[in-house]
Structures are given as C-alpha cells and as structure tokens.
Amino acid sequence: MIAAMMTAANLGARVTGWGFVVFTIGSLCWSWIGVSSGQTNLLATNLFLTLVNVVGIWRWLGRQRGYEDGGKSAEVASRRSSVPSLFTATGIPGTSVVDAQGEAIGKAVEALVECGTGTVSYVVVAQRTAAVAEVLRAVPYAQLSFASDRLTFKPGCAAFEALPPLKDGDWPAAPAAVKA
C-alpha cells in the first residue's frame, strides 16, 4: 500500500522510484514465499512483477530523475544569471495560480502549446469549489505572468471566474477572450 501511494501521488521521480523499490522488495518476498511453499504460480507471478518493478526503478530513479535534476539545475542557474528566469514546462502542472494581489485562484493542471510557434496557447487552471469539486478554465497565455514558483493571472479573480468552465474531456482549440 505504501508503494502504491508513493507511485500514485506523482510527487516526482525520486518518490515514484522509491515506490518501485518498495514494490520490488515486496515481490521478492512473495517470490521467496512461493519458493518455500512450492507455489509455482505465486513464484512465477512475482518474478515477473520483480522484472516490471526493476524497469520502474531504472526509469524513475535513473532516466527520469536525471531529466528532473537537469531541469532544476537550469532553473537555479537562470536565477543567478542576467537572462530571464527559466522553469521547466513539466513544472507547470501543479503550480499555484494567484491574482495580482497574491490571492490564490487555483492550480495549473496542464499547458497547451501551439505546434507552429512552440508557444503556450493557454493554461488550464483548476479552481476548487466544494470539498472535492473543481472547475477547470482555460487561461490565455497573454493574461499570465510566469514565475518559478507561481503563475499570476493579471486581470484578477473576477475575470477568472467570468471565463467559461471547460467541459470534462472537451477542451477548446483556443482559449476564450478575457473580459476585464
């Protein structure tokens, strides 16, 4: 259960990778039980799961961790340089979105990039409404200020709430215009 929570939480490559380590330990233990009790099906299943988990360790603690570390080092280096600050595009989902006064609006869940120009067209922002409900809205790139730790929606909370809610699984090709 711990490994499942670690991998499902999507807290970064290291946490996910260590979740696969826990899964591997569990599958090796079940393999040992399969050997000691003569349960060949249990042994075969858990040897296969061990193989899958080792691939998960390689992917998340090896390759993906390297990608995340490289992106983070570029972010840190850009803060010390004279060029504009960088942030990773994979870091947009989960970033808090605030209004110009710093009041929380919601969190970014996705960014959509235009194929022809490679620029962000809009960012989908989730706003919590009730205990677990959320409303998604497409925020035009031009209305956002990007910073390393947050996105600022310049027109404000009232203009954000005036944007039409997105339908589940049916997002637009372009964002709606913002009414100031």
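When the side chains of ILVMFWY residues are joined at heavy-atom separations under 4.5 Å, either directly or via intervening members, Trp60 and Val21 end up in a single hydrophobic cluster. When the side chains of ILVMFWY residues are joined at heavy-atom separations under 4.5 Å, either directly or via intervening members, Leu151 and Val124 end up in two distinct hydrophobic clusters. The hydrophobic clustering, which links ILVMFWY residues whose side-chain heavy atoms are closer than 4.5 Å, places Phe153 and Phe146 together. In the hydrophobic clustering of ILVMFWY residues, with side-chain heavy atoms under 4.5 Å counting as a link, Ile25 and Ile57 come out together. Residues Leu42 and Phe48 are members of separate hydrophobic clusters, defined by side-chain heavy-atom contacts under 4.5 angstrom among Ile, Leu, Val, Met, Phe, Trp and Tyr.
In this view, Glu161 and Gln127 satisfy the side chain to side chain donor-acceptor pair (under 3.5 Å) rule, not counting sequence neighbours.
A 6.0 Å sphere centred on CZ of Arg150 holds no more than 12 heavy atoms belonging to other residues, nucleotides or ligands. Within a 6.0 Å radius of CD1 in Ile2, other residues, nucleotides and ligands contribute 12 heavy atoms or fewer. When the shell of 6.0 Å around CH2 of Trp171 is examined, it contains more than 12 heavy atoms from other residues, nucleotides or ligands.
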Can I get a per-line list of side-chain donor-acceptor pairs under 3.5 Å for residues 92-104, giving both atom names and the distance, sequence neighbours left out?
{"unit_1": "Thr95", "atom_1": "OG1", "unit_2": "Gly91", "atom_2": "O", "d": "2.6"}
{"unit_1": "Thr95", "atom_1": "OG1", "unit_2": "Ile92", "atom_2": "O", "d": "3.0"}
{"unit_1": "Asp99", "atom_1": "OD1", "unit_2": "Gln101", "atom_2": "N", "d": "3.0"}
{"unit_1": "Asp99", "atom_1": "OD1", "unit_2": "Gly102", "atom_2": "N", "d": "3.0"}
{"unit_1": "Asp99", "atom_1": "OD1", "unit_2": "Glu103", "atom_2": "N", "d": "2.8"}

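Between the CG atom of Leu28 and the CG atom of Leu49 there is a distance of 10.5 Å, given to the nearest 0.5 Å. Here the CD-CH2 distance, from Gln64 to Trp58, works out to 10.5 Å after rounding to the nearest 0.5 Å.
No option in Val120, Val123, Leu112 other than Val120 meets the side-chain contact (heavy atoms from CB on, under 4.5 Å) test with Tyr141.
The shortest heavy-atom contact between Ser27 and Asn46 is O-CB, 3.4 Å. In terms of heavy-atom proximity, Leu61 sits nearest to Gly17 at CG-CA, 3.6 Å. Pairing each heavy atom of Gly19 with each of Ala3, the nearest pair is O-CB, 3.3 Å. The minimum heavy-atom distance linking Ala159 with Pro155 is given by the pair CB-CB, 3.6 Å. Among all heavy-atom pairs drawn from Arg137 and Pro164, the shortest one is CG-O, 3.9 Å. The two residues Ala138 and Tyr122 come nearest to each other via the heavy atoms CB-CD1, 3.3 Å.
Under the 3.5 Å distance criterion, the side-chain polar atoms of Lys107 are left unmatched by any main-chain donor or acceptor of Arg128.
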Inset, instruction - Under the side chain to side chain contact (heavy atoms under 4.5 Å, CB included) rule, what do Phe20 and Arg59 come out as? Steps first, then yes or no, please. - result: CA-CA 10 Å; Phe20 276 104; Arg59 184 193 187 298; over 6 Å; no
Inset, instruction - Given side chain to side chain contact (heavy atoms under 4.5 Å, CB included), test Thr7 with Phe23 step by step and report yes or no. - result: CA-CA 10 Å; Thr7 57; Phe23 273 136; 3.9 Å; yes
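Sorted by first and then second residue, the side chain to side chain donor-acceptor pair (under 3.5 Å) pairs with a member in residues 11-24 read Arg14-Asp69; sequence neighbours excluded.
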